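None of the values given here were measured: they were computed from a predicted structure. Computation of the quantities below employed the complete heavy-atom set of this structure, encompassing side-chain atoms and omitting hydrogens, waters and symmetry-equivalent molecules.
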Amino acid sequence: MTANVAVETTPEIPLWNDPSHPVSARVDALIGAMTLQEKIAQLYGVWVGASANGGEVAPHQHDMEEAVDLDALLPSGLGQLTRPFGTAPVDPALGALSLLRTQTRITSANRFGIPAVAHEECLAGFAAWGATAYPVPLSWGATFDPDVIRRMAAAIGRDMRAVGVHQGLAPVLDVVRDLRWGRVEETIGEDPYLVGTIGTAYVQGLESAGIVATLKHFVGYSASRAGRNLAPTSVGPRERADVLLPPFEMAIREGGARSVMHAYTDIDGIPSAADEKLLTGLLRDTWGFDGTVVADYFGIAFLKTLHGIAGDFADAAGAALTAGVDIELPTVKTFGAPLADAVAEGRVPESLIDRALRRVLTQKADLGLLDPDWSPVPPAFAGADLDDPDALRGTIDLDSPANRELAREIAEKAVVLLANDGTLPLAAPRRIALVGPNAAEGTAVLGCYSFPQHVGVQHPEIPVGIELPSLGESLAAEFPDAEITVARGTGVDDGDLSGIAEAVDTARDADIVVVALGDRAGLFGRGTSGEGCDAESLALPGAQQELLNALLDSGTPVVTVLLAGRPYALGRAVEDSAAIVQSFFPGVGGTRAIAGVLSGRTAPSGRLPVSVPRGPGSQPATYLGARLAQASEVSNIDPTPAFGFGHGLTYTTFAWSDLTVDTEQASTDGEFTASLTVRNTGERSGTEVVQLYLHDPVASVVQPVQRLVGYTRLELAPGESRRVRVTVPADVASFTGRDGRRIVEPGELELRLSASSTDARLTTRVTLAGPVRELDHTRRFHAEFTVE
């Protein structure tokens with residue numbers, strides 16, 4: 001049924017199109033004028049693909065869905081267009097023209113002239129053909145630099161906005177709980193504070209460009225048993241509250257994210273898509289989130305097909321709407337005819353549809369999609385002749401020099417030097433043996449949500465669309481006077497041993513060996529890293545460890561380089577390599593960044609966002625472990641990492657000194673201020689990352705031995721020193737107590753100013769005094785650093 005709403009309007013402009021009225025009044029008027037079918041149509045998307053010649057988009061056929069008849073759907077309207085650029089390789093200008101023409105068709109077909117929200121993936125750049133492939137989120141974490149990630153997200157958002165996209169499905173705020181999970185490359189790291197600060201910066205950048213940022217996956221997706229994708233989770237309420245939720249809290253409160261995507265998984269038998277306490281009670285009622293909640297692809301249907309909590313698709317739709325899901329993606333399934341029938345039968349109240357619709361229309365109004373002067377022509381087409389598609393081809397550049405320069409900057413900041421016996425930087429080597437499965441493979445820098453690996457692999461006849469120099473090519477440019485001999489040795493995961501002998505011979509004839517190992521990104525088992533590409537253990541895939549061991553026996557110094565989506569146990573290479581360089585799918589500038597670190601042109605400054613395991617079978621493990629999670633005499637499994645969270649070497653040295661604390665005691669609602677001096681004692685410029693960890697020796701519930709509560713990057717010239725001041729509010733010592741409330745307890749704390757989780761440089765003990773204090777989501781998140 002449709003509510004009757006009396007509104008003041010004029011013959012020229014209906015109230016809902018009049019921006020002089022409050023958005024709430026406009027939305028109420030529009031809802032009151034809509035039929036049930038028109039309401040429902042705003043709550044789902046259709047998966048489409050752009051036309052290669054600039055014609056209207058065509059529905060994308062997926063093996064999980066039946067065909068969609070756009071002619072039948074569009075008279076009622078359409079809520080979203082799913083991935084108009086990210087479904088097939090299409091010239092960006094013709095893709096934008098295709099979207100323009102489709103939006104014109106959509107607005108012409110429905111009686112209110114409402115366009116669709118177009119959304120795209122943007123996990124490591126705009127996932128469109130020809131767009132810059134930036135480093136993956138795990139590399140974002142390795143930078144420990146929110147500012148550069150904010151700038152990257154703004155650049156991504158500007159490119160998306162220029163061609164008519166409104167919403168981006170990023171960032172991933174899942175905290176790594178098991179390194180075997182295939183989607184580790186999509187995450188920012190294993191620490192909630194690092195994930196929160198870097199993820200919030202990404203949200204701020206994307207939103208600054210006018211793109212709706214979508215936080216995912218809410219919540220618990222990364223905590224699956226055995227690191228398997230879309231598997232059962234075992235998460236207690238305290239782990240959820242203290243580890244998994246804080247990044248989402250921060251990104252909503254400080255980042256201004258306007259959308260959230262529910263997770264596929266269930267927690268204690270309640271799927272996220274049907275969890276009213278999570279999506280309404282916590283997210284909206286407690287945190288005050290007023291944006292839209294979108295379904296992860298097919299996630300509402302999964303309430304019936306995978307979770308078994310709905311008897312049919314109508315029940316699934318009702319459960320999701322009740323919980324607080326507003327939009328079904330990627331295409332219409334449960335929110336179509338099943339939902340309409342359920343309302344007619346009285347199984348789902350229309351008020352739930354109106355609630356979701358109000359959020360959807362409010363967001364469309366905020367995006368300007370209800371304004372009378374809205375135009376389907378995107379900014380990139382200003383002044384263009386839209387009647388000549390051939391003339392448009394090649395006129396939109398999504399991989400600009402500025403983009404590539406920014407991608408290079410991030411890649412350089414994300415390269416982590418794990419070990420070095422003094423071999424690096426290389427001093428003009430005469431003969432280099434470049435060995436390994438990732439030595440000559442340009443796509444080795446790409447994650448699974450990059451366009452070439454996500455979509456392009458299905459179209460091998462189409463060029464990649466962006467320049468991807470291999471490590472071999474970048475080394476040749478970096479060392480033009482060196483003789484570089486390339487030997488594959490083995491594949492990423494084929495287990496082939498036949499090329500190892502040749503690789504060893506190549507190594508013996510060289511002055512230095514650079515062995516390029518790691519992953520191949522893919523989807524659902526088509527790679528060694530990526531969605532659905534989970535690992536049974538953290539041993540290097542295939543025969544890569546055998547190759548590495550043989551090279552270490554060659555007698556020539558070996559520099560081990562990883563181009564990977566997760567860290568791996570490296571066996572004897574931890575001690576026997578001359579140096580180890582870790583990169584996490586570093587994007588278009590990645591191989592040049594690695595070559596620059598090897599030559600010394602670039603000083604390494606990355607820090608590990610995840611620990612590197614010593615052995616392949618110690619998962620799940622995290623530096624956030626409590627005392628029982630550490631090595632002990634009562635278990636033969638030692639989870640101590642080879643290289644801990646936050647670790648990273650440089651080409652210079654730093655001295656930390658003169659730690660002072662303004663007061664050794666503060667109230668449970670007070671703060672401490674500590675200061676220290678950091679001096680570059682080496683002979684070249686370098687970057688130190690000062691990390692602050694909190695150790696709570698006695699608490700009412702078990703705590704991790706330490707956890708990150710703040711950090712800052714310092715770039716210092718030789719001999720330069722800076723005074724670093726950090727203000728530590730009592731709020732950062734809070735945790736979830738026995739009764740589920742977030743509290744700060746009185747007692748002694750240890751502040752560890754550290755170069756990594758395994759390298760505390762200066763420590764001080766302080767005391768919180770007074771009563772136990774209760775906090776909520778408005779607490780202070782940060783220990784604030786200032787550099788003098």
Side-chain angles (χ1 to χ4, degrees), residues 47-50 57 80-100 117-137 139-140 148-172 186 202-214 216 259 330 378-381 394-408 410-411 443 445-456 459 462-468 521 585-590:
W47 199 337
V48 297
V57 299
Q80 293 226 357
L81 286 166
T82 294
R83 302 198 68 187
F85 288 85
T87 302
V90 173
D91 176 88
L94 296 182
L97 181 62
S98 182
L99 177 57
L100 180 161
V117 167
H119 77 257
E120 281 293 350
E121 298 284 358
C122 54
L123 186 75
F126 182 11
W129 186 84
T132 305
Y134 292 90
V136 297
S139 275
W140 308 353
V148 75
I149 303 307
R150 188 179 297 108
R151 289 190 282 123
M152 176 196 72
I156 293 169
R158 287 191 295 271
D159 283 343
M160 296 171 72
R161 192 69 173 164
V163 295
V165 176
H166 308 99
Q167 182 170 359
L169 303 187
V172 170
E186 300 180 41
Y202 182 92
V203 170
Q204 291 167 340
L206 203 64
E207 290 280 356
S208 74
I211 296 293
V212 175
T214 305
K216 58 187 191 181
S259 187
F381 281 159
T395 60
I396 293 178
D397 185 4
L398 299 179
D399 188 33
S400 67
N403 282 4
R404 297 185 70 87
E405 175 62 21
L406 182 54
R408 178 206 57 77
I410 297 168
T443 59
V445 297
L446 301 179
C448 82
Y449 267 80
S450 67
F451 189 89
Q453 298 300 88
H454 199 78
V455 178
H459 303 271
I462 304 295
V464 173
I466 51 177
E467 180 187 355
L468 294 171
F585 290 143
V588 294

Would you check if the side chain of Ser208 reaches a backbone N or O of Gly205 as a donor-acceptor pair within less than 3.5 Å? yes
Listed once per pair and sorted, the salt bridge (charged side-chain N to carboxylate O under 4.0 Å, His left out) pairs that draw on residues 83-99, sequence neighbours left out: Arg83-Glu120
Starting at CG of Leu406, measure out to CD1 of Ile149 and round the result to the nearest 0.5 Å. 8.0 Å
Looking at Val57, Leu81, Thr87, which hits side chain to side chain contact (heavy atoms under 4.5 Å, CB included) with Trp47? Thr87
Which pair of non-hydrogen atoms, one from Trp129 and one from Pro463, has the smallest distance, and what is that distance? NE1-O, 2.9 Å
How long is the straight-line distance from OG1 of Thr443 back to CG of Leu468, given to the nearest 0.5 Å? 7.5 Å
Taking only residues two or more places apart in sequence, or in another chain, which ones meet Asp399 in a side chain to side chain donor-acceptor pair (under 3.5 Å)? Thr132, Arg404
Taking ring-ring contact (aromatic ring centres under 6.0 Å, His included) as the test, write out the residues that go with His166, two or more places apart. none
Locate the shortest heavy-atom distance separating Pro378 from Ala96; write the atom from each residue and the value. CG-CB, 4.4 Å
Closest heavy-atom pair, Glu186 versus Val172, reported as atoms and distance to 0.1 Å, is O-CB, 3.4 Å
Can you tell me if Gln453 uses its side chain to pair, donor with acceptor, with the backbone of Leu446 under 3.5 Å? no
The test is salt bridge (Lys or Arg N to Asp or Glu O under 4.0 Å); show your working for Glu467 and Arg408 and say whether it passes. CA-CA 13 Å; Glu467 180 187 355; Arg408 178 206 57 77; over 6 Å; no
Donor-acceptor pairs under 3.5 Å, side chain of residues 152-163 to any protein atom, not counting sequence neighbours: which ones?
residue: Asp159; atom: OD2; partner: Asn403; partner atom: ND2; Å: 2.8

By salt bridge (Lys or Arg N to Asp or Glu O under 4.0 Å), which residues pair with Arg151, not counting sequence neighbours? Asp147, Glu409
If you look at every heavy atom in Val464 and Pro452, which pair is closest and at what distance? CG1-CG, 3.7 Å
Note: Val455 and Gly86 closest approach over all heavy atoms is CG2-O, 3.2 Å
Would the distance check show the side chain of Trp140 and the main-chain N or O of Pro135 forming a donor-acceptor pair, the cut-off being under 3.5 Å? yes
Counterpart residues, side chain to side chain donor-acceptor pair (under 3.5 Å), relative to Thr82 (two or more places apart): none
Please examine the side chains of Pro89 and Phe451, heavy atoms only from C-beta on, and report whether any two atoms are closer than 4.5 Å. yes
Correct closest heavy-atom pair for Ser259 and Val212 would be CB-CG1, 3.7 Å
For the atom pair NE2 (His119) and CD (Gln80), what is the distance rounded to the nearest 0.5 Å? 6.0 Å
Looking at side-chain heavy atoms only, is the closest gap between Pro137 and Tyr449 below 4.5 Å? no
Do Leu206 and Cys122 pass the side chain to side chain contact (heavy atoms under 4.5 Å, CB included) test, and can you show the C-alpha distance, the side-chain angles, and the key distance before you say yes or no? CA-CA 10 Å; Leu206 203 64; Cys122 54; 4.1 Å; yes
Has the side chain of His454 got a donor or acceptor atom that lies under 3.5 Å from a matching backbone atom of Cys448? yes
